Amino acid sequence: MVKAVVGANWGDEGKGKITDMLAEKADIIVRFQGGANAGHTIINNYGKFALHTLPSGVFYHHTTSVIGNGVALDIPVLFKEIQSVIDQGVPAPKILVSDRAQIVMSYHKDFDAYEEERLGGKSFGSTKSGIAPFYSDKYAKVGFQVSELFDDELLKEKVVRIAELKNVLLKHLYHKPAINPDELYDELQDYKKMVEPYVCDVSLFLDHAIREDREILLEGQLGSLKDPDHGIYPMVTSSSTLAAYGAIGAGIPPYEIKKVITVCKAYSSAVGAGAFVSEIFGEEADELRRRGGDGGEFGATTGRPRRMGWFDCVASKYGCRMQGTTDVAFTVLDVLGYLDEIPVCVGYDINGKVTTDFPTTHLLEKAKPVLETLPGWKCDIRGIKEYDKLPENCRRYIEFIEEQIGYPITMVSNGPGREDIIYK
Ligand code: GDP
(Lines give C-alpha, C1' and ligand atoms only; values in the text may rest on other atoms or scores of the structure.)
Protein backbone atom coordinates (compact mmCIF):
# COMPACT_ATOMS: atom_id res chain seq x y z
CA MET A 1 0.00 0.00 0.00
CA VAL A 2 1.15 3.53 -0.74
CA LYS A 3 0.66 6.19 1.94
CA ALA A 4 1.61 9.84 1.68
CA VAL A 5 2.81 11.83 4.68
CA VAL A 6 2.31 15.52 3.97
CA GLY A 7 1.89 18.85 5.75
CA ALA A 8 -1.34 20.80 6.21
CA ASN A 9 0.23 24.18 6.79
CA TRP A 10 3.46 26.07 6.15
CA GLY A 11 5.80 23.16 6.84
CA ASP A 12 7.57 22.16 10.08
CA GLU A 13 4.51 20.29 11.25
CA GLY A 14 6.54 17.28 12.36
CA LYS A 15 6.32 15.20 9.16
CA GLY A 16 9.82 13.83 9.78
CA LYS A 17 8.84 12.33 13.10
CA ILE A 18 5.63 10.82 11.73
CA THR A 19 7.45 9.37 8.69
CA ASP A 20 10.26 8.01 10.86
CA MET A 21 7.63 6.38 13.07
CA LEU A 22 5.58 4.92 10.19
CA ALA A 23 8.77 3.77 8.48
CA GLU A 24 9.11 1.04 11.08
CA LYS A 25 6.43 -0.88 9.17
CA ALA A 26 7.36 0.36 5.69
CA ASP A 27 9.64 -1.09 3.02
CA ILE A 28 10.29 1.98 0.91
CA ILE A 29 10.28 5.71 1.68
CA VAL A 30 10.22 8.12 -1.23
CA ARG A 31 10.92 11.85 -1.33
CA PHE A 32 8.88 13.18 -4.24
CA GLN A 33 9.37 16.96 -4.31
CA GLY A 34 11.38 19.83 -2.89
CA GLY A 35 15.05 20.00 -2.22
CA ALA A 36 17.55 20.70 0.50
CA ASN A 37 15.84 23.99 1.37
CA ALA A 38 13.83 22.65 4.27
CA GLY A 39 14.79 20.10 6.86
CA HIS A 40 13.25 17.45 9.01
CA THR A 41 14.44 17.08 12.55
CA ILE A 42 14.40 13.51 13.75
CA ILE A 43 15.23 12.18 17.18
CA ASN A 44 15.64 8.44 17.63
CA ASN A 45 17.92 5.91 19.30
CA TYR A 46 20.90 6.97 17.13
CA GLY A 47 20.70 10.62 18.15
CA LYS A 48 19.36 13.84 16.69
CA PHE A 49 19.47 14.47 12.93
CA ALA A 50 18.58 17.32 10.62
CA LEU A 51 17.86 15.79 7.22
CA HIS A 52 17.39 17.93 4.14
CA THR A 53 17.47 15.50 1.26
CA LEU A 54 17.42 11.96 2.63
CA PRO A 55 13.98 10.54 3.36
CA SER A 56 13.15 10.10 7.04
CA GLY A 57 13.34 6.31 6.74
CA VAL A 58 17.11 6.03 6.51
CA PHE A 59 17.40 4.94 10.11
CA TYR A 60 15.94 1.51 9.62
CA HIS A 61 17.94 -1.36 8.22
CA HIS A 62 14.95 -2.86 6.40
CA THR A 63 13.96 0.23 4.39
CA THR A 64 15.02 1.55 1.01
CA SER A 65 15.24 5.33 0.72
CA VAL A 66 14.33 6.75 -2.64
CA ILE A 67 14.94 10.17 -4.15
CA GLY A 68 12.17 10.52 -6.72
CA ASN A 69 12.25 12.36 -10.03
CA GLY A 70 10.31 15.29 -8.54
CA VAL A 71 13.10 16.21 -6.13
CA ALA A 72 15.61 19.01 -6.64
CA LEU A 73 18.66 16.80 -6.22
CA ASP A 74 21.59 18.51 -4.54
CA ILE A 75 24.23 15.82 -4.94
CA PRO A 76 26.94 17.20 -2.57
CA VAL A 77 24.32 17.77 0.14
CA LEU A 78 22.99 14.24 -0.35
CA PHE A 79 26.49 12.86 0.05
CA LYS A 80 27.26 14.89 3.13
CA GLU A 81 24.03 13.64 4.65
CA ILE A 82 24.71 9.98 3.87
CA GLN A 83 28.16 10.38 5.44
CA SER A 84 26.87 12.15 8.56
CA VAL A 85 24.27 9.45 9.13
CA ILE A 86 26.92 6.72 8.84
CA ASP A 87 29.30 8.70 11.07
CA GLN A 88 26.67 8.75 13.80
CA GLY A 89 26.47 4.97 13.80
CA VAL A 90 23.47 4.31 11.57
CA PRO A 91 23.97 1.25 9.30
CA ALA A 92 24.76 2.33 5.71
CA PRO A 93 21.33 3.09 4.25
CA LYS A 94 20.03 1.61 0.98
CA ILE A 95 19.52 4.57 -1.30
CA LEU A 96 18.15 4.89 -4.82
CA VAL A 97 18.19 8.04 -6.90
CA SER A 98 15.86 8.42 -9.88
CA ASP A 99 17.59 8.65 -13.24
CA ARG A 100 14.93 11.24 -14.07
CA ALA A 101 15.69 13.52 -11.13
CA GLN A 102 17.29 16.80 -12.06
CA ILE A 103 20.38 18.27 -10.51
CA VAL A 104 20.73 21.42 -8.44
CA MET A 105 23.83 23.08 -9.89
CA SER A 106 26.12 25.44 -8.01
CA TYR A 107 24.94 28.27 -10.27
CA HIS A 108 21.36 27.70 -9.11
CA LYS A 109 22.46 28.58 -5.59
CA ASP A 110 24.38 31.60 -6.88
CA PHE A 111 21.37 32.82 -8.85
CA ASP A 112 19.18 32.36 -5.78
CA ALA A 113 21.50 34.54 -3.70
CA TYR A 114 21.95 37.13 -6.47
CA GLU A 115 18.21 37.46 -6.93
CA GLU A 116 17.56 37.92 -3.21
CA GLU A 117 20.29 40.57 -3.22
CA ARG A 118 18.73 42.30 -6.22
CA LEU A 119 15.27 42.29 -4.62
CA GLY A 120 16.68 43.73 -1.39
CA GLY A 121 13.82 44.50 1.04
CA LYS A 122 11.31 42.86 -1.31
CA SER A 123 13.01 39.46 -1.16
CA PHE A 124 11.12 36.21 -0.55
CA GLY A 125 13.31 35.11 2.33
CA SER A 126 14.74 32.28 0.26
CA THR A 127 17.06 29.79 1.95
CA LYS A 128 19.36 30.29 -1.07
CA SER A 129 19.47 26.56 -1.77
CA GLY A 130 18.86 27.21 -5.45
CA ILE A 131 15.35 25.76 -5.47
CA ALA A 132 13.50 28.48 -7.42
CA PRO A 133 16.22 28.80 -10.13
CA PHE A 134 16.39 25.01 -10.29
CA TYR A 135 12.67 24.47 -10.91
CA SER A 136 12.56 27.45 -13.31
CA ASP A 137 15.25 25.73 -15.37
CA LYS A 138 13.51 22.37 -15.19
CA TYR A 139 10.33 23.80 -16.68
CA ALA A 140 12.26 25.98 -19.13
CA LYS A 141 13.83 22.66 -20.22
CA VAL A 142 17.40 23.76 -19.57
CA GLY A 143 18.09 21.63 -16.50
CA PHE A 144 20.44 18.66 -16.18
CA GLN A 145 18.75 15.30 -15.65
CA VAL A 146 20.72 12.59 -13.83
CA SER A 147 20.48 10.35 -16.90
CA GLU A 148 22.32 12.99 -18.95
CA LEU A 149 25.44 12.54 -16.81
CA PHE A 150 25.92 9.27 -18.68
CA ASP A 151 25.86 10.79 -22.14
CA ASP A 152 29.20 12.51 -22.53
CA GLU A 153 28.59 13.86 -26.01
CA LEU A 154 25.38 15.53 -24.95
CA LEU A 155 27.02 16.92 -21.82
CA LYS A 156 29.93 18.53 -23.69
CA GLU A 157 27.55 20.31 -26.04
CA LYS A 158 25.05 21.24 -23.33
CA VAL A 159 27.52 22.91 -20.93
CA VAL A 160 28.42 25.40 -23.67
CA ARG A 161 24.78 26.15 -24.42
CA ILE A 162 23.86 26.57 -20.73
CA ALA A 163 26.88 28.73 -19.90
CA GLU A 164 26.00 31.01 -22.81
CA LEU A 165 22.44 31.39 -21.56
CA LYS A 166 23.34 31.95 -17.91
CA ASN A 167 26.16 34.34 -18.67
CA VAL A 168 23.78 36.87 -20.23
CA LEU A 169 22.05 37.30 -16.89
CA LEU A 170 25.23 37.07 -14.86
CA LYS A 171 26.86 39.80 -16.87
CA HIS A 172 24.01 42.20 -17.59
CA LEU A 173 21.56 41.74 -14.72
CA TYR A 174 23.65 40.68 -11.74
CA HIS A 175 27.14 41.94 -12.72
CA LYS A 176 28.73 38.76 -11.42
CA PRO A 177 31.49 36.45 -12.69
CA ALA A 178 30.66 34.36 -15.76
CA ILE A 179 30.33 30.56 -15.87
CA ASN A 180 33.13 28.71 -17.62
CA PRO A 181 31.75 25.71 -19.58
CA ASP A 182 34.83 23.58 -18.78
CA GLU A 183 34.29 24.12 -15.06
CA LEU A 184 30.63 23.28 -15.50
CA TYR A 185 31.62 20.03 -17.21
CA ASP A 186 34.00 19.20 -14.33
CA GLU A 187 31.28 19.90 -11.78
CA LEU A 188 29.00 17.46 -13.60
CA GLN A 189 31.75 14.81 -13.70
CA ASP A 190 32.13 15.11 -9.91
CA TYR A 191 28.39 14.65 -9.51
CA LYS A 192 28.43 11.64 -11.80
CA LYS A 193 31.05 9.91 -9.65
CA MET A 194 29.09 10.60 -6.48
CA VAL A 195 25.67 9.57 -7.73
CA GLU A 196 26.48 6.65 -10.05
CA PRO A 197 26.15 3.82 -7.50
CA TYR A 198 22.61 4.89 -6.60
CA VAL A 199 21.03 5.66 -9.97
CA CYS A 200 17.94 3.64 -10.75
CA ASP A 201 14.78 3.57 -12.85
CA VAL A 202 12.67 4.48 -9.83
CA SER A 203 9.21 4.25 -11.39
CA LEU A 204 9.97 0.71 -12.57
CA PHE A 205 11.34 -0.20 -9.13
CA LEU A 206 8.16 1.17 -7.50
CA ASP A 207 5.94 -0.61 -10.02
CA HIS A 208 7.48 -3.93 -8.98
CA ALA A 209 7.21 -2.98 -5.32
CA ILE A 210 3.51 -2.12 -5.67
CA ARG A 211 2.87 -5.45 -7.42
CA GLU A 212 4.64 -7.23 -4.57
CA ASP A 213 2.36 -5.42 -2.12
CA ARG A 214 5.18 -3.57 -0.41
CA GLU A 215 4.49 -0.77 2.06
CA ILE A 216 5.55 2.52 0.48
CA LEU A 217 5.61 5.96 2.12
CA LEU A 218 5.72 9.14 0.11
CA GLU A 219 7.28 11.88 2.21
CA GLY A 220 6.30 15.45 1.45
CA GLN A 221 8.25 18.57 2.23
CA LEU A 222 6.74 21.83 3.52
CA GLY A 223 2.91 21.95 3.49
CA SER A 224 -0.27 22.78 1.55
CA LEU A 225 0.07 26.54 2.00
CA LYS A 226 3.46 26.51 0.26
CA ASP A 227 2.10 24.80 -2.84
CA PRO A 228 2.72 26.93 -5.93
CA ASP A 229 -0.88 26.55 -7.17
CA HIS A 230 -2.94 26.21 -4.01
CA GLY A 231 -0.75 28.03 -1.49
CA ILE A 232 -0.07 31.66 -0.63
CA TYR A 233 1.41 32.55 -4.02
CA PRO A 234 3.95 34.06 -4.55
CA MET A 235 5.26 33.28 -1.04
CA VAL A 236 5.34 29.60 -1.89
CA THR A 237 7.88 26.99 -2.84
CA SER A 238 8.58 25.97 -6.42
CA SER A 239 7.33 22.38 -6.44
CA SER A 240 3.94 21.01 -5.46
CA THR A 241 3.68 20.04 -1.81
CA LEU A 242 0.45 18.09 -2.30
CA ALA A 243 -0.01 14.35 -1.97
CA ALA A 244 -1.42 14.22 -5.50
CA TYR A 245 1.97 15.30 -6.79
CA GLY A 246 3.44 12.28 -5.04
CA ALA A 247 2.22 10.20 -7.98
CA ILE A 248 4.17 12.35 -10.43
CA GLY A 249 7.24 13.03 -8.31
CA ALA A 250 7.67 9.32 -7.58
CA GLY A 251 6.33 7.94 -10.88
CA ILE A 252 3.38 5.85 -9.68
CA PRO A 253 -0.33 5.73 -10.60
CA PRO A 254 -2.42 8.29 -8.65
CA TYR A 255 -4.94 5.64 -7.60
CA GLU A 256 -2.24 3.73 -5.72
CA ILE A 257 -2.09 6.40 -2.99
CA LYS A 258 -4.58 4.86 -0.58
CA LYS A 259 -3.91 6.92 2.51
CA VAL A 260 -3.01 10.56 2.91
CA ILE A 261 -1.72 11.27 6.39
CA THR A 262 -1.75 15.02 6.82
CA VAL A 263 0.41 16.32 9.61
CA CYS A 264 -1.00 19.27 11.49
CA LYS A 265 0.77 21.00 14.37
CA ALA A 266 -1.22 21.96 17.49
CA TYR A 267 -0.21 25.61 16.98
CA SER A 268 1.15 27.48 13.96
CA SER A 269 4.62 28.42 12.79
CA ALA A 270 5.89 29.71 9.48
CA VAL A 271 9.14 30.76 7.90
CA GLY A 272 9.71 33.36 5.23
CA ALA A 273 7.50 36.25 4.26
CA GLY A 274 3.77 36.16 3.54
CA ALA A 275 0.38 36.61 5.20
CA PHE A 276 0.04 34.68 8.46
CA VAL A 277 -3.36 35.49 9.91
CA SER A 278 -3.08 33.90 13.37
CA GLU A 279 0.45 35.24 13.96
CA ILE A 280 1.38 36.36 17.46
CA PHE A 281 4.19 38.67 18.51
CA GLY A 282 6.26 39.82 21.47
CA GLU A 283 6.66 37.86 24.67
CA GLU A 284 3.67 35.62 23.86
CA ALA A 285 5.35 34.51 20.63
CA ASP A 286 8.82 34.26 22.18
CA GLU A 287 7.58 31.90 24.87
CA LEU A 288 5.81 29.60 22.39
CA ARG A 289 8.88 29.68 20.11
CA ARG A 290 11.18 28.80 23.01
CA ARG A 291 9.00 25.93 24.17
CA GLY A 292 7.96 24.76 20.69
CA GLY A 293 9.05 21.69 18.73
CA ASP A 294 11.98 20.04 20.40
CA GLY A 295 14.37 22.73 21.59
CA GLY A 296 12.53 25.66 20.06
CA GLU A 297 11.02 26.70 16.76
CA PHE A 298 14.09 27.57 14.75
CA GLY A 299 14.69 26.52 11.13
CA ALA A 300 16.40 23.14 10.69
CA THR A 301 18.33 24.48 7.68
CA THR A 302 18.84 28.13 8.53
CA GLY A 303 18.50 28.37 12.31
CA ARG A 304 16.16 31.31 11.71
CA PRO A 305 13.53 31.94 14.38
CA ARG A 306 10.16 30.84 13.01
CA ARG A 307 7.13 33.11 13.03
CA MET A 308 4.60 31.85 15.59
CA GLY A 309 0.81 31.80 15.79
CA TRP A 310 -2.22 30.08 17.29
CA PHE A 311 -3.78 27.10 15.58
CA ASP A 312 -5.55 28.25 12.41
CA CYS A 313 -8.67 26.19 11.67
CA VAL A 314 -9.34 28.03 8.41
CA ALA A 315 -5.88 27.39 6.98
CA SER A 316 -5.78 23.82 8.33
CA LYS A 317 -9.22 22.85 7.02
CA TYR A 318 -8.13 24.09 3.59
CA GLY A 319 -4.70 22.48 3.94
CA CYS A 320 -6.28 19.12 4.76
CA ARG A 321 -8.78 19.45 1.92
CA MET A 322 -6.11 20.17 -0.68
CA GLN A 323 -4.10 17.17 0.49
CA GLY A 324 -7.08 14.80 0.20
CA THR A 325 -6.63 13.85 3.83
CA THR A 326 -7.70 10.44 5.10
CA ASP A 327 -5.99 10.81 8.51
CA VAL A 328 -4.73 13.79 10.47
CA ALA A 329 -1.66 13.38 12.66
CA PHE A 330 -1.93 16.13 15.28
CA THR A 331 1.55 16.95 16.57
CA VAL A 332 3.50 18.83 19.24
CA LEU A 333 0.46 19.00 21.48
CA ASP A 334 2.60 18.56 24.62
CA VAL A 335 4.11 22.02 24.08
CA LEU A 336 0.81 23.77 24.85
CA GLY A 337 0.66 22.40 28.41
CA TYR A 338 1.92 25.66 29.94
CA LEU A 339 -1.00 27.82 28.81
CA ASP A 340 -3.97 28.80 31.03
CA GLU A 341 -6.07 29.47 27.97
CA ILE A 342 -5.45 28.64 24.33
CA PRO A 343 -6.76 30.90 21.58
CA VAL A 344 -7.69 29.21 18.30
CA CYS A 345 -8.37 31.00 15.03
CA VAL A 346 -11.82 29.84 13.88
CA GLY A 347 -12.53 32.33 11.10
CA TYR A 348 -11.15 35.16 9.02
CA ASP A 349 -12.71 38.59 9.06
CA ILE A 350 -12.19 40.02 5.58
CA ASN A 351 -13.61 43.53 5.09
CA GLY A 352 -16.14 42.92 7.87
CA LYS A 353 -17.31 39.52 6.58
CA VAL A 354 -16.36 36.37 8.46
CA THR A 355 -15.42 33.30 6.46
CA THR A 356 -14.06 29.86 7.24
CA ASP A 357 -12.91 29.31 3.65
CA PHE A 358 -9.29 30.07 2.90
CA PRO A 359 -9.01 32.87 0.33
CA THR A 360 -6.46 33.81 -2.33
CA THR A 361 -3.47 35.87 -1.30
CA HIS A 362 -4.71 39.41 -1.89
CA LEU A 363 -7.73 38.76 0.37
CA LEU A 364 -5.67 36.76 2.84
CA GLU A 365 -3.56 39.85 3.42
CA LYS A 366 -6.68 41.70 4.58
CA ALA A 367 -7.87 38.90 6.88
CA LYS A 368 -8.05 39.42 10.63
CA PRO A 369 -8.29 36.39 12.89
CA VAL A 370 -11.52 35.55 14.67
CA LEU A 371 -10.35 33.86 17.84
CA GLU A 372 -12.09 31.51 20.22
CA THR A 373 -10.42 30.71 23.51
CA LEU A 374 -10.31 27.22 24.96
CA PRO A 375 -9.23 26.30 28.49
CA GLY A 376 -5.70 24.91 28.84
CA TRP A 377 -4.89 21.65 30.64
CA LYS A 378 -1.91 22.96 32.59
CA CYS A 379 0.11 19.78 32.84
CA ASP A 380 2.70 17.71 31.02
CA ILE A 381 1.06 15.14 28.73
CA ARG A 382 4.29 13.47 27.59
CA GLY A 383 4.40 9.76 28.32
CA ILE A 384 0.62 9.28 28.06
CA LYS A 385 -0.16 6.37 25.73
CA GLU A 386 -3.94 6.20 25.66
CA TYR A 387 -6.32 8.80 24.39
CA ASP A 388 -8.68 8.44 27.34
CA LYS A 389 -5.84 9.19 29.76
CA LEU A 390 -5.33 12.68 28.30
CA PRO A 391 -6.70 15.50 30.49
CA GLU A 392 -10.26 16.43 29.65
CA ASN A 393 -9.38 19.94 28.42
CA CYS A 394 -6.72 18.47 26.19
CA ARG A 395 -9.24 16.11 24.59
CA ARG A 396 -11.63 19.04 24.24
CA TYR A 397 -8.95 20.96 22.38
CA ILE A 398 -8.31 18.04 20.00
CA GLU A 399 -12.00 17.38 19.41
CA PHE A 400 -12.79 21.06 18.92
CA ILE A 401 -10.15 21.29 16.22
CA GLU A 402 -11.23 18.03 14.62
CA GLU A 403 -14.76 19.39 14.37
CA GLN A 404 -13.57 22.71 12.92
CA ILE A 405 -11.31 21.21 10.26
CA GLY A 406 -13.65 18.34 9.37
CA TYR A 407 -11.03 15.60 9.00
CA PRO A 408 -10.40 12.78 11.49
CA ILE A 409 -7.48 13.14 13.87
CA THR A 410 -6.33 9.53 14.19
CA MET A 411 -2.92 10.15 15.75
CA VAL A 412 -1.82 12.57 18.45
CA SER A 413 1.88 13.18 18.94
CA ASN A 414 2.82 14.16 22.48
CA GLY A 415 6.61 14.26 22.26
CA PRO A 416 9.42 14.20 19.70
CA GLY A 417 10.29 10.49 20.09
CA ARG A 418 9.07 7.60 17.95
CA GLU A 419 7.08 6.16 20.81
CA ASP A 420 5.39 9.45 21.73
CA ILE A 421 2.20 8.74 19.84
CA ILE A 422 -1.41 8.15 20.82
CA TYR A 423 -3.80 6.44 18.39
CA LYS A 424 -7.30 7.79 18.60
P1 GDP B 1 8.98 18.65 9.54
O2 GDP B 1 9.78 19.44 8.59
O3 GDP B 1 7.51 18.70 9.23
O4 GDP B 1 9.46 17.27 9.73
O5 GDP B 1 9.07 19.38 10.94
P6 GDP B 1 10.37 19.84 11.76
O7 GDP B 1 11.35 18.77 11.83
O8 GDP B 1 10.82 21.17 11.32
O9 GDP B 1 9.68 20.18 13.14
C10 GDP B 1 9.27 19.29 13.99
C11 GDP B 1 10.02 19.51 15.29
O12 GDP B 1 9.19 19.17 16.34
C13 GDP B 1 11.23 18.63 15.41
O14 GDP B 1 12.19 19.25 16.23
C15 GDP B 1 10.67 17.39 16.09
O16 GDP B 1 11.62 16.66 16.82
C17 GDP B 1 9.67 18.00 16.99
N18 GDP B 1 8.48 17.22 17.23
C19 GDP B 1 7.77 16.44 16.38
N20 GDP B 1 6.68 15.97 16.98
C21 GDP B 1 6.69 16.47 18.25
C22 GDP B 1 5.82 16.38 19.36
O23 GDP B 1 4.77 15.75 19.33
N24 GDP B 1 6.18 17.05 20.50
C25 GDP B 1 7.32 17.80 20.58
N26 GDP B 1 7.59 18.44 21.70
N27 GDP B 1 8.15 17.92 19.53
C28 GDP B 1 7.84 17.27 18.40
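Since we're looking at a predicted model, the values are computed, not measured. Counting starts at 1 for both ligands and their atoms, in listed order.
- Between T64 and D27 the shortest side-chain heavy-atom distance does not fall below 4.5 Å.
- Considering backbone and side-chain atoms together, G14 places an N or O closer than 3.5 Å to an N or O of ligand 1.
- Taking all heavy atoms of P416, G16, G292, S269 into account, the minimum distance to atom 28 (C) of ligand 1 is reached by P416.
- In this structure, Y407 has its ring center at least 6.0 angstrom away from the ring center of F330.
- A cation-pi arrangement is present between K424 and Y387, with the terminal nitrogen or guanidinium carbon under 6.0 Å from the aromatic centre and inside a 45° cone about the axis.
- Figure legend: K378 and Y338 shown without cation-pi pairing, the cationic atom not lying both under 6.0 angstrom from the six-membered ring centre and within 45 degrees of its axis.
- Checked against a 3.5 angstrom limit, the closest N/O atoms of K17 and ligand 1 fall outside it.
- The proximity of R306 to ligand 1, defined as any non-hydrogen pair under 4.0 Å, is limited to the side chain.
- When each atom of ligand 1 is checked for a heavy atom of S413 under 4.0 Å away, the hits are 20 (N), 21 (C), 22 (C), 23 (O).
- Every N/O-N/O distance between V335 and ligand 1 stays at or above 3.5 Å.
- With a 4.0 Å heavy-atom cut-off, ligand 1 is reached by no atom of V263.
- Here V332 has heavy atoms under 4.0 Å from ligand 1 in both its backbone and its side chain.
- Looking at residues two or more places apart in sequence or on another chain, you find a side-chain contact (heavy atoms from CB on, under 4.5 Å) between L339 and W310, L336, I342.
- Between M105 and Y191 there is a side-chain heavy-atom pair separated by less than 4.5 Å.
- By the 4.0 Å heavy-atom criterion, M21 is excluded from the residues contacting ligand 1.
- At a 4.0 Å cut-off, not a single heavy atom of D420 sits close enough to ligand 1 to count as contact.
- Taking 4.0 Å as the cut-off, R382 counts as a neighbour of ligand 1 on heavy-atom distance.
- Taking the ring axis of F144 as reference, the NZ or CZ atom of K158 stays within 45° of it and closer than 6.0 Å to the ring centre.
- Residue-to-ligand polar distances place E13 within reach of ligand 1: an N/O pair is separated by less than 3.5 Å.
- For ligand 1, the polar-atom distance check against G11 finds no nitrogen or oxygen pair separated by under 3.5 Å.
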TODO: Show your reasoning for whether side chain to side chain donor-acceptor pair (under 3.5 Å) applies to Y318 and Q323.
DONE: CA-CA 9 Å; Y318 175 74; Q323 293 292 6; over 6 Å; no
Quiz: residues 245-259 side-chain donor-acceptor pairs under 3.5 angstrom, not counting sequence neighbours:
unit_1	atom_1	unit_2	atom_2	d
K258	NZ	Y255	O	3.0
K259	NZ	D327	OD1	3.2

